[in-house]
There are 2 protein chains.
Amino acid sequence: MSAVSCTPNVGRPRAFDMDAALEKALEVFWRKGYDGTSLSDLTEAMGINKPSLYAAFGNKEQLFLKAIELYESRPCSFFLPALEKPTAYQVAEHMLHGAAMNMADSNHPQGCVVVQGALSCSEAAASVKEALINRRVEGEQKLKVRFDQAKTDGDLPPDTDTGVLARYLLTVLQGMAIQANNGACSEQLRQVAQMTLQAFPRAG
Amino acid sequence: MSAVSCTPNVGRPRAFDMDAALEKALEVFWRKGYDGTSLSDLTEAMGINKPSLYAAFGNKEQLFLKAIELYESRPCSFFLPALEKPTAYQVAEHMLHGAAMNMADSNHPQGCVVVQGALSCSEAAASVKEALINRRVEGEQKLKVRFDQAKTDGDLPPDTDTGVLARYLLTVLQGMAIQANNGACSEQLRQVAQMTLQAFPRAG
DNA sequence: AGGGTTATTTACCGATAAGTACATATATCT
DNA sequence: AGATATATGTACTTATCGGTAAATAACCCT
């Protein structure tokens, strides 16, 4: 069964692949942002008409939120998998190098849709902006919790302020999203990642 | 004479203060982004009608670019003044602490309009997006040149890669803009600034 | 084959977008 | 005072915005 579709066995079958269409929608939102994306942009990229879009995904806002869910659950996502690494240093290493690789990947828009999808926006986009802020803050919180565990595990010095460390790392990651939008390539982002890691506290 | 107005001595005098109106426009663009800002948003905030706006500032795009010029030349701007500090470390210190103070200042929208004014945007905003990218890249280049000078001055180690150092610092600054949008306060940003400074190379 | 159900197509809705024509108001210059 | 020049307010234009009504098409089940 597909990740997003839930096909009934009655009625006319859907003529398009919902997952593929959602991928296309994600790419448009990623490149143009919520305010900068029109329904025409979406239907054109997804290869469907407006009523099909509304029937399948609700409306523009719900489509955006589903696209963000897809973004965070993709195989090439780097944030959540990095949390599983055995030490705090390796968590940071995987996040930073994953970000360097992913954010400048020319197979999709540059940067991170969670950062740039609705950063400054109209009042019509206020709720999706809030949703993205929540995602970013929750990511930071998850990283702090992981660093707390690392302190217990002994792979972070006991006097480490894990909240500041998590915020610092997220600041660099979010800054890398801007850098990718500036045109920085993976190698340039990797240098930033390396510099950040040099400052990273290690046990012992 | 005002920074932006150039009043002729014939004809009906302008009934509003161009500088004050431009400040208001800046604030709207800063909060809502280029795509998220409508002409009605602007005229309402500026307290003028559309024909006055067009006569005084050209069009939406030119108004935006003039607002960005104002932003970068304001007294509370922290980037260019920091370049004048005597050592590389003090340059970084002033930039980071200035950013921490300014970006979370509740007297204006959070973050940095050069970062968030048109990050992901419609095709209609492509040219202002390019203009903002150019500003960010030029800022990075200016910082690199300043660090090259610091190397000559002997307040950076001779093996310092000034390009990477400048990019790293800009990455943190741009990340701080996102953090400010996330709701981080000045003190939290200051902690990130302090952590960044700890990793900063110092001569001797 | 026919009924029930869902998807697609076309054409449309009211609202709002950016931008402007035009008449009027207010100044200076002679 | 009158001519000239610029600003303002009202009302408008064309295009596009997000979203939908209604007719038709394609499927499953009996």
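Basis for what follows: all heavy atoms, side chains included, without hydrogens, waters or symmetry-related copies. Protein chains get the first letters and strands the later ones, always in sequence-line order, with residue 1 at the start of each.
Ser38(A) has no side-chain polar atom (N or O) that falls below the 4.0 Å cut-off from OP1 or OP2 of dT16(D). Note on Asn9(B): a side-chain N or O is less than 4.0 Å away from OP1 or OP2 of dC29(C).
In this structure, the OH atom of Tyr54(A) is 17 Å from the C1' atom of dA7(C), given to the nearest Å. Atom P of nucleotide dA17(C) and atom CG of Leu53(B) are separated by 14 Å, given to the nearest angstrom. Rounding to whole angstrom units, CG of residue Leu42(B) and P of dG19(C) are separated by 11 Å. In this structure, the CG atom of Asn59(A) is 5 Å from the P atom of dG19(D), given to the nearest Å. Separating the CD atom of Glu61(A) from the P atom of dC17(D) is a distance of 18 Å, rounded to the nearest angstrom. The CD1 atom of Ile48(A) sits 15 Å away from the C1' atom of dT6(C) (whole-angstrom rounding). Rounding to whole angstrom units, CG of residue Leu39(B) and C1' of dA15(D) are separated by 14 Å. Rounding to whole angstrom units, CZ of residue Phe16(B) and P of dT6(D) are separated by 15 Å.
Residue order along DNA chain C, read from the 5' end via each residue's closest nucleotide, puts Thr37(B) first among Thr37(B) and Gly11(B). Comparing Ser52(A) and Pro51(B) along DNA chain C, the residue whose closest nucleotide (by nearest heavy atom) sits nearer the 5' end is Ser52(A).
Screening Tyr71(A), Phe79(A), Trp30(A) for a side chain to side chain contact (heavy atoms under 4.5 Å, CB included) involving Val114(A) leaves a single residue, Tyr71(A).
Taking 3.5 Å as the limit, the base of dA25(D) and the side chain of Arg12(A) contain a donor-acceptor pair of atoms between them.
Closest to the side chain of Lys50(B), out of dT26(C), dA18(C), dG19(D), is dA18(C). Here dA17(C) is the nucleotide among dC29(C), dA18(C), dA17(C) with the atom lying nearest to any side-chain atom of Ser40(B). In this structure, of dT28(C), dT10(C), dT26(C), it is dT10(C) that holds the atom nearest to the side chain of Asn49(A). Nearest to the side-chain atoms of Val10(B) among the listed nucleotides dC29(C), dT8(C), dT8(D) stands dC29(C).
For residues 171-185 of chain A, every residue pair satisfying the side chain to side chain donor-acceptor pair (under 3.5 Å) rule, not counting sequence neighbours, is listed here: Gln116(A)-Asn181(A), Gln174(A)-Gln179(B), Gln179(A)-Glu140(B), Gln179(A)-Gln174(B), Asn182(A)-Arg136(B).
Contacts of Ala15(A) with the nucleic acid, taken as non-hydrogen atoms under 4.0 Å apart, involve only primed sugar atoms and P, OP1 or OP2.
One N or O on the side chain of Lys151(B) and one on the backbone of Thr160(B) form a donor-acceptor pair closer than 3.5 Å. In this structure, Lys60(A) contributes its side chain and Thr37(A) its backbone to a donor-acceptor pair below 3.5 Å. Judged by distance alone, with hydrogens and angles left aside, the side-chain atoms of Arg146(B) form a donor-acceptor pair with the main-chain N or O of Leu83(B) at under 3.5 Å. Using modelled atom types, no side-chain atom of Arg167(B) and backbone atom of Val192(A) make a donor-acceptor pair closer than 3.5 Å.
Contacts of residues 123-130 of chain A with DNA chain C (heavy atom under 4.0 Å): none.
The aromatic ring centres of Phe200(B) and Phe147(B) sit less than 6.0 Å apart.
Scanning for ring pair (Phe, Tyr, Trp, His ring centres under 6.0 Å) contacts around Phe78(B) gives an empty result, with sequence neighbours left out.
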